[in-house]
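Read the numbers this way: they start at 1 and go in the same order the structure lists the ligands and their atoms.
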Amino acid sequence: MESEQPPPGIDVSVPHSARRYDYWLGGKDNFEADRESARAVAEGYPPVQCAAVANRAFLRRVVAYLARDVGVRQYLDIGAGLPTVGNVHEIAQAIAPESRVVYVDNDPIVAIHAKTLLRGGSHGRTAYLEADLRDPAAILTDPETTSVLDLSRPVALMLVAVLHFITDDQRPYELVRQLCDALAPGSYLVVSHATNDHLSVEDLAESDAANQRSGIPFRLRSTAEFARFFEGLELQPPGIGSILSWRPETWSAHPRPEAVSMLGAVARKP
Ligand SMILES: C[S@@+](CC[C@H](N)C(=O)[O-])C[C@H]1O[C@@H](n2cnc3c(N)ncnc32)[C@H](O)[C@@H]1O
C-alpha cells in the first residue's frame with residue numbers, strides 16, 4: 001500500500017524518477033503523480049517494470065563482484081534511489097565490513113529515507129548527500145563525500161540507471177569524465193542505461209511519445225553512445241551488453257535482452 005501523506009515541504013504533485021522507480025520495484029514511497037507517469041511510460045514501453053527489477057539485480061551483482069572479486073572498498077553511488085532490498089552498503093559491508101559508501105540523489109524524499117536508514121544501523125562509514133549529478137564538483141568536494149571517501153584511493157563510481165535522465169544539452173559525457181578524472185587509478189565506473197537498440201522505428205516513436213507524456217525527460221542511447229561513457233577506461237569482462245547477461249547468477253527464466261532494453265558495463269580506470 002502506498003503512503004499518501006507526503007513529508008512536509010515536498011511537492012508530490014509532479015512525478016519524480018526515484019518514486020516512479022520505487023513504484024515499479026513494488027515499493028510504497030510513491031504518489032499518484034509518480035504512478036501516473038509510470039503508467040504513461042508502460043503504455044509506450046510495456047516491459048519497463050521488468051527492466052527496473054532486472055536493473056536492480058544487475059546493481060546487486062556488480063557490487064558483489066566489486067567487493068568480492070576485485071576488492072573495492074569505496075563506493076560513490078550517484079542517483080542512488082530510494083532504499084530498497086539489497087542497498088549498496090548492505091551488499092558491500094556484508095562482504096567487507098570496512099566498505100565505505102556515499103549515496104547521492106537529487107530527490108529530497110530519498111534524502112529523508114536514506115538518512116533514516118543510515119541512522120538506524122551501525123554504518124559509520126556510510127553517508128548520504130542530497131546533490132545533483134549535473135554538478136560533479138559539488139559532489140566531489142562536499143564534506144559528506146570527503147569525510148567518508150578517500151579519493152586518493154580507488155572508488156567505484158556507480159551511475160546505475162541515472163544517465164538516461166541526463167539529456168544531451170546537460171553534457172552527460174563531460175559529467176562522467178569530470179567525475180572519473182577525480183578518481184584514483186584502479187577506480188571503477190559502473191553504468192546501466194536504457195537503450196533504443198532493440199526498438200523498431202514504430203516502437204521507438206511510441207516510447208518517445210510515452211516518455212514525453214510521463215513528465216520526466218528521458219534519453220535512450222544506442223550501444224555506440226553508451227560506449228562513449230567508457231572512453232579511456234578498461235572494460236571488464238563481459239564488456240558492454242544487456243544487463244541480463246552481465247555475469248548472470250542463473251541461466252534460467254531470463255527474458256531476452258530486448259525484453260528489458262538496458263545496457264550495463266563495468267570499467268577500470270588505468
Ligand atoms: C531509476 S532510479 C535508479 C536507482 C538506483 N541507482 C538503481 O539503479 O537501482 C534513478 C535515480 O536517479 C535519481 N536522479 C535522477 N536525476 C538525477 C540527478 N540529476 N542527480 C542526482 N540524482 C538523480 C533519481 O532521483 C532516482 O533516485
Side-chain angles (χ1 to χ4, degrees), residues 10-12 14-27 29-31 33-34 37-38 41-42 45 48-64 75-92 101-114 117 128-140 142 144-145 156-172 174-176 178-179 189-195 211 214-220 243-244 246 260-266:
I10 293 194
D11 181 5
V12 295
V14 289
H16 196 288
S17 54
R19 301 166 220 161
R20 188 176 71 180
Y21 184 63
D22 174 72
Y23 174 65
W24 282 321
L25 291 182
D29 299 305
N30 51 78
F31 298 87
D34 309 308
S37 174
V41 174
Y45 183 63
V48 65
Q49 184 176 16
C50 177
V53 172
N55 177 68
R56 196 69 204 176
F58 165 79
L59 177 143
R60 286 194 289 264
R61 294 199 304 281
V62 169
V63 175
Y75 301 81
L76 178 56
D77 183 6
I78 306 180
L82 283 152
T84 180
V85 177
N87 297 298
V88 171
H89 73 283
E90 291 162 343
I91 299 166
V101 181
V102 173
Y103 292 113
V104 180
D105 205 284
N106 70 351
D107 182 349
I109 288 196
V110 174
I112 293 167
H113 286 275
L117 175 81
Y128 179 82
L129 172 62
E130 186 178 338
D132 201 296
L133 169 57
R134 292 165 293 185
D135 189 357
I139 295 173
L140 292 165
D142 193 286
E144 207 70 72
T145 305
L157 169 62
M158 316 278 302
L159 296 172
V160 182
V162 64
L163 282 167
H164 40 227
F165 298 114
I166 306 294
T167 48
D168 292 351
D169 56 310
Q170 296 172 335
R171 306 173 295 111
E174 286 176 46
L175 298 176
V176 174
Q178 213 179 321
L179 287 162
L189 171 66
V190 179
V191 184
S192 73
H193 197 298
T195 182
N211 281 326
S214 79
I216 297 176
F218 198 77
R219 170 68 158 89
L220 295 162
I243 52 170
L244 296 172
W246 195 92
V260 299
S261 288
M262 288 278 292
L263 298 169
V266 176

> Mind checking whether Leu220 and Thr195 have side chains closer than 4.5 Å, heavy atoms only?
Replying inline: no
> Short question: side chain of Asp105, backbone of Gly81 - any donor-acceptor pair under 3.5 Å?
Replying inline: yes
>> Please check whether Val104 reaches ligand 1 - meaning an N/O of the residue sits under 3.5 Å from an N/O of the ligand, judged on distance alone.
In response: no
> Hey, is Ser192 touching ligand 1 through its side chain, its backbone, both or neither, going by heavy atoms under 4.0 Å?
Replying inline: neither
>> Between ligand 1 and Asp77, is the shortest N or O to N or O distance under 3.5 Å?
In response: no
>> Using a 4.0 Å cutoff against the non-hydrogen atoms of Ser17, which atoms of ligand 1 qualify?
In response: 15 (C), 24 (C), 25 (O), 26 (C)
> Do the side chain of Tyr103 and the main chain of Ala111 share a donor and acceptor less than 3.5 angstrom apart?
Replying inline: no
>> For a quick check under 3.5 Å, do Tyr21 and Asn55 share a side-chain donor-acceptor pair by atom type?
In response: yes
> Hey, which atoms in ligand 1 end up nearer than 4.0 Å to a heavy atom of Arg56?
Replying inline: 5 (C), 7 (C), 9 (O)
>> Students should be able to answer this: which protein heavy-atom is nearest to atom 23 (C) of ligand 1, and at what distance?
In response: Asn106 OD1, 3.3 Å
> To the nearest 0.1 Å, how far is atom 20 (N) of ligand 1 from its closest protein heavy atom, and which atom is that?
Replying inline: Leu133 N, 2.9 Å
>> Quick test: of every protein heavy atom, which one is nearest to atom 2 (S) of ligand 1, and how far off is it to 0.1 Å?
In response: Tyr21 CD2, 3.5 Å
> Do you know the tightest heavy-atom contact between Val160 and Ser192?
Replying inline: CG1-OG, 3.3 Å
> Out of Asn211, Asp169, Asp168, which residue meets the side-chain hydrogen bond (donor to acceptor under 3.5 Å, both in side chains) rule with Arg219?
Replying inline: Asp168
>> Can you tell me which portion of His16 lies within the under-4.0 Å heavy-atom range of ligand 1? Options are side chain, backbone, both, or neither.
In response: side chain
>> Counting only heavy atoms, tell me which of Ala52, Gly79, Ala161 gets closest to atom 4 (C) of ligand 1.
In response: Gly79
>> Counting non-hydrogen protein atoms only, what is the nearest one to atom 27 (O) of ligand 1? Give residue, atom name and distance.
In response: Asp105 OD2, 2.6 Å
> For atom 3 (C) of ligand 1, which candidate among Ile243, Val160, Val162 holds the nearest heavy atom?
Replying inline: Val160
> Hey, mind stepping through His16 and Asn106 against side-chain contact (heavy atoms from CB on, under 4.5 Å) and telling me if it holds?
Replying inline: CA-CA 10 Å; His16 196 288; Asn106 70 351; 3.4 Å; yes
> Side chains of Val41 and Trp24: closer than 4.5 Å at any heavy-atom pair?
Replying inline: yes
>> List ligand 1 atoms under 4.0 Å from Gly81, heavy atoms only on the residue side.
In response: 4 (C), 27 (O)
> Nearest to atom 8 (O) of ligand 1 by heavy atom, Leu175, Ile166, Asp132, Asn55: which?
Replying inline: Asn55
> Are the side chain of Thr145 and the backbone of Ile139 linked by a donor-acceptor contact shorter than 3.5 Å?
Replying inline: yes
